[in-house]
**Q** 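Here's a structure for you.
Just so you know, residue 1 is the first one in the sequence shown, and it goes up from there. Heavy atoms only: backbone and side chains are in, while hydrogens, waters and symmetry mates are out. Treat the numbers as computed from the prediction; the structure is a model and nothing was measured.
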Amino acid sequence: MGPVNFIDFGNHKLEGYTDAGQPWTEKTWGGLIRYQGIEAYFRYEGGGSVNAVIDGYGSITVAFVQGGEIVSLPDLATAAP
């Protein structure tokens with residue numbers, strides 16, 4: 001069904017989710033999982049963990065031990081030259 005991208009953000013925080021009022025957004029480290037135009041953003045301290053299960057239908061279920069959620073990022077944008 002296509003690639004699943006696991007992106008390590010290091011200590012960079014995703015704009016708009018730096019102070020979302022949820023404790024997990026304040027964690028030091030983070031990452032993003034992108035699959036078919038859907039993104040899941042997560043953050044963690046120490047040796048964080050992500051559990052991902054891909055079923056027989058190509059659907060993915062993710063669980064973030066220290067917190068995360070589905071977010072919406074554009075796949076393509078234009079900018080003025």
Side-chain angles (χ1 to χ4, degrees):
M1 303 246 337
V4 180
N5 294 302
F6 289 80
I7 303 166
D8 180 2
F9 276 3
N11 63 357
H12 170 76
K13 293 193 175 186
L14 189 59
E15 191 172 320
Y17 296 91
T18 56
D19 185 21
Q22 299 180 30
W24 68 269
T25 62
E26 299 171 8
K27 307 286 186 189
T28 303
W29 311 107
L32 188 71
I33 299 172
R34 298 191 87 176
Y35 179 64
Q36 294 190 345
I38 301 172
E39 297 83 24
Y41 176 47
F42 62 96
R43 300 209 61 81
Y44 61 92
E45 291 293 341
S49 177
V50 174
N51 299 317
V53 175
I54 303 172
D55 70 17
Y57 302 108
S59 298
I60 300 177
T61 301
V62 293
F64 306 113
V65 175
Q66 295 187 42
E69 66 182 35
I70 297 294
V71 297
S72 181
L73 300 175
D75 287 329
L76 178 67
T78 60

**Q** Let me have the donor-acceptor pairs involving side chains of residues 29-40, under 3.5 Å, with sequence neighbours excluded, atom names and distances please.
**A**
residue: R34; atom: NE; partner: E39; partner atom: OE2; Å: 3.2
residue: R34; atom: NH2; partner: E39; partner atom: OE2; Å: 2.9
residue: R34; atom: NH2; partner: D75; partner atom: OD1; Å: 3.0
residue: Y35; atom: OH; partner: G58; partner atom: O; Å: 2.7
residue: Q36; atom: NE2; partner: M1; partner atom: O; Å: 2.7
residue: E39; atom: OE1; partner: L73; partner atom: N; Å: 3.0

**Q** What residue among L14, V50, V62 forms side-chain contact (heavy atoms from CB on, under 4.5 Å) with F42?
**A** V50

**Q** Report whether V65 and I7 are members of the same hydrophobic cluster (ILVMFWY, side-chain heavy atoms less than 4.5 Å apart, transitive linking).
**A** no

**Q** Any donor and acceptor pair, going by atom type alone, linking the side chain of E45 with main-chain N or O of T28 inside 3.5 Å?
**A** yes

**Q** Each residue besides Y57 in its hydrophobic cluster should be listed here, by chain and number; the cluster joins Ile, Leu, Val, Met, Phe, Trp and Tyr at side-chain heavy-atom distances under 4.5 Å.
**A** none

**Q** Aromatic rings F9 and Y41: how do their planes relate, parallel, tilted or perpendicular, breaks at 30° and 60°?
**A** tilted

**Q** Show the nearest heavy-atom pair for residues K27 and R43, with the distance to one decimal.
**A** O-NE, 2.9 Å

**Q** Taking all atoms of both residues into account, what is the closest heavy-atom pair of E69 and W24, and its distance?
**A** CG-CZ2, 3.5 Å

